[in-house]
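Just below is one structure, and these are the notes that go with it.
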Number of protein chains: 2
Amino acid sequence: MKKLTVSDEGELPVRIAAVLRDAIVEGRLSVDQRLPSEQDLAEQFGVSRPTVREALKRLAAQSLIRTQRGATGGAFVNRLSYDTAAAQLITTSTLLLSMNAVDFETACEARYALERACVPFAAARRTPDHLAAMRAEIARQAEPGLSDEAFCASDVAFHRALVDAAANPVLSYQLAGAVEAMQPLMNMITFTARSRERIVALHSAIADAIEAGDASAADAALSALAAYSTALGEQVRQSRGVRKANGNA
Amino acid sequence: MKKLTVSDEGELPVRIAAVLRDAIVEGRLSVDQRLPSEQDLAEQFGVSRPTVREALKRLAAQSLIRTQRGATGGAFVNRLSYDTAAAQLITTSTLLLSMNAVDFETACEARYALERACVPFAAARRTPDHLAAMRAEIARQAEPGLSDEAFCASDVAFHRALVDAAANPVLSYQLAGAVEAMQPLMNMITFTARSRERIVALHSAIADAIEAGDASAADAALSALAAYSTALGEQVRQSRGVRKANGNA
DNA sequence: AGACATTAATTGTTTGACATTTCTCCCATT
DNA sequence: AATGGGAGAAATGTCAAACAATTAATGTCT
């Protein structure tokens, strides 16, 4: 029984988790490979089973491993899928924006800058499926009785379809965080200043340009949408400022 | 003592962690607020203390909370900083790329597309500090005896400086993942095909254009660097393919 | 008033036990 | 002989109780 040694800083489970994570990242533990049982790990690291369990739970929280009960159960190295990685990215980004008081302008600038980076590829590679997805969301956004929540969700879906049209999974993964995390901020804008016709028109212009393979036209339309969003944000900010100035502060 | 109820799917610590995470995300628990003690949480949820501990460790693994020992200790809601969020994003992105056999071309395309999105802002807003950082890395890359590892690390630092020059923390956060996660892939290229003079020259061209505030020139230089990287990747891929064809299959 | 020991509160860690799940293998029945 | 079911084994999930380590507040002595 080899006794694994860990650095002597910090808490035990953190250090053990770091050892195992490094083993995974550096490829010494490959996908779907089974880790030793909790009992074995406890003996190898010279700690108790709950301590090992905490380390494993840390890894499980990051989707690096999964556990199965039963005779052939245990902890297995997870293949990190784009979906789970994107989901984690979205929650992290959302929290980051909400807890750091990021102003709307900064977030909006970042989002549209990243999205514009996808446009040339989308114009070149879009498939009928992507176009259909974009058109469907545009049609939905034009429905009269649509709730604000549904409109914003459809807005997100439209932009994700645009990003997916670039047919680059790494771009889609990165952009998912930027687009989804901004939904709360965008909701705030859309709920306050109604502006659906204009947005739908710009969305249509983008879809048309993408369908025509005209990257520069799509870029222009997206830039116009960015400018419009920024202006709306500014408008809301000013009205808020006025309200606050008139308020009890 | 109110008894909190959780949904009846999945394992206990996962559900408890979800309840607490929602409370944090939805703002019912604010930054630096102290959570009830493990004992209290155990009673409120009607489970044992180790079960609560596992739930807390899941949250700690995501940097949502931190724990302190001692009399006034406990679990506190963390303010998610850009740095910790970026660190998480980097590890996730690195794993995602390494475990999903993303080809170099796709990753390279995504990286340079995102980076180009930052260039106009960098050209407009760069400060002397940003320029000095970029120049320092270029000088380092031109040192004769520099190891491959150090050269690649400096390459990453240069590109991060370029991104930071855009002066948008959200962009910097997003790009950190894309740039850092690609370092292993880029290392593979640089270690194989030596090409430092060319890279240094392109870096200098980028820095010059950024200093001059010339966004289109910087964009052109960055595009040239992207094309050169892609070509190198293709070259390495072909030599690998030949070697594999000549090898033992 | 200040330095120092005490104490209380809280998390960190261990030990031991039992519950639950799931596969494997053997045996009995058809 | 083939198939079905049940016992057993192995692993994780959960609980209980205790002790160790750490930290801040408190009280006491000089």
Side-chain angles (χ1 to χ4, degrees), chain A residues 1 3-21 23-24 29 32-78, chain B residues 1 3-21 23-24 29 32-78:
Chain A
M1 160 192 14
K3 199 136 185 183
L4 301 182
T5 58
V6 296
S7 74
D8 54 353
E9 294 174 14
E11 296 144 12
L12 278 169
V14 175
R15 277 145 49 191
I16 293 170
V19 170
L20 295 175
R21 182 176 55 244
I24 294 173
L29 293 171
D32 288 336
Q33 187 174 342
R34 183 181 175 280
L35 273 66
S37 73
E38 295 178 353
Q39 201 64 252
D40 292 347
L41 284 174
E43 289 173 6
Q44 288 176 17
F45 285 107
V47 298
S48 69
R49 204 187 131 210
T51 303
V52 166
R53 271 185 73 76
E54 283 199 9
L56 293 177
K57 290 306 141 189
R58 295 187 85 92
L59 300 179
Q62 297 172 298
S63 307
L64 266 65
I65 61 171
R66 63 181 182 280
T67 55
Q68 268 181 351
R69 290 212 277 195
T72 60
F76 297 84
V77 178
N78 243 343
Chain B
M1 157 187 24
K3 198 134 185 185
L4 300 181
T5 58
V6 295
S7 73
D8 54 351
E9 293 174 13
E11 296 144 15
L12 279 169
V14 175
R15 277 144 50 192
I16 293 170
V19 170
L20 295 175
R21 181 176 54 245
I24 294 173
L29 292 171
D32 289 335
Q33 186 174 343
R34 184 181 176 280
L35 274 65
S37 73
E38 295 178 352
Q39 201 64 252
D40 291 347
L41 284 173
E43 289 173 7
Q44 288 177 16
F45 285 108
V47 299
S48 69
R49 202 183 136 213
T51 304
V52 166
R53 272 184 73 75
E54 284 199 8
L56 293 178
K57 290 306 139 187
R58 295 188 83 93
L59 301 179
Q62 298 172 298
S63 306
L64 266 64
I65 62 171
R66 64 182 182 280
T67 56
Q68 269 181 352
R69 289 211 275 194
T72 60
F76 297 84
V77 178
N78 244 341

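Quick caveat, the model's predicted, so the values are computed rather than measured. What you see below is based on every heavy atom in this structure, not just the backbone, and it leaves out hydrogens, waters and symmetry mates. Residue numbering restarts at 1 for every chain, and letters A, B, ... go by the order of the sequence lines.
Rounded to a whole Å, the CD atom of B/Glu38 is 6 Å from the C1' atom of C/dT11. What separates CZ of B/Arg53 from C1' of D/dG13 is a distance of 17 Å, to the nearest Å. What separates CG of B/Leu35 from C1' of C/dT10 is a distance of 14 Å, to the nearest Å. Following rounding to the nearest Å, A/Phe76 (CZ) and D/dA10 (C1') show an atom-to-atom distance of 12 Å. The CZ atom of A/Arg15 sits 12 Å away from the C1' atom of C/dT13 (whole-angstrom rounding). The CD-C1' distance, from A/Glu43 to C/dT14, rounds to 15 Å in whole Å. For the pair A/Gln39 CD and D/dA9 P, the interatomic distance rounds to 17 Å; values are reported in whole Å.
Residues B/Pro50 and B/Pro36 each lie close to DNA chain C; by heavy-atom proximity, the contact nearer the 5' end of the strand is made by B/Pro36. Mapped onto DNA chain C by nearest heavy atom, A/Glu54 and B/Gly73 fall at different nucleotides, with B/Gly73 at the one closer to the 5' end.
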Where protein sits on nucleotides 4-9 of chain C, one letter per nucleotide: B base, S sugar-phosphate only, - none, heavy atoms under 4.0 Å: -----B
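Residues that satisfy the side chain to side chain contact (heavy atoms under 4.5 Å, CB included) test with A/Ser63, not counting sequence neighbours, are A/Leu80, A/Gln88. By the salt bridge (charged side-chain N to carboxylate O under 4.0 Å, His left out) test, B/Arg34 pairs with no residue at all, sequence neighbours left out. With sequence neighbours left out, B/Ala71 forms a side chain to side chain contact (heavy atoms under 4.5 Å, CB included) with no residue at all. In terms of the side chain to side chain contact (heavy atoms under 4.5 Å, CB included) criterion, residue partners of B/Gln33 (sequence neighbours excluded) are, by chain and number, B/Leu29, B/Ser30. Judged as a side-chain hydrogen bond (donor to acceptor under 3.5 Å, both in side chains), and not counting sequence neighbours, A/Gln62 has no contacts. Applying the side chain to side chain contact (heavy atoms under 4.5 Å, CB included) test to A/Gln68 and every residue at least two apart in sequence or in another chain returns A/Phe76.
For A/Val47, taking side-chain heavy atoms from C-beta onward, the closest of the listed nucleotides C/dT13, C/dT14, D/dT12 is C/dT14. Closest to the side chain of A/Thr51, from the set C/dT13, C/dT10, D/dT12, is C/dT13.
The base of C/dG12 lies close enough to the side chain of B/Arg49 for a donor and an acceptor atom to sit less than 3.5 Å apart.
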Intermediate values then yes/no, side chain to side chain contact (heavy atoms under 4.5 Å, CB included), B/Ile65 and B/Ile24: CA-CA 9 Å; B/Ile65 62 171; B/Ile24 294 173; 4.0 Å; yes
Worked verdict on B/Phe45 versus B/Thr51 for side chain to side chain contact (heavy atoms under 4.5 Å, CB included): CA-CA 10 Å; B/Phe45 285 108; B/Thr51 304; over 6 Å; no
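The salt bridge (Lys or Arg N to Asp or Glu O under 4.0 Å) pairs that include a residue from residues 56-76 of chain B are B/Asp32-B/Arg66, where partners are two or more places apart or lie in different chains.
Scanning residues 56-69 of chain B for heavy-atom distances under 4.0 Å to DNA chain C yields B/Lys57, B/Thr67, B/Gln68, B/Arg69.
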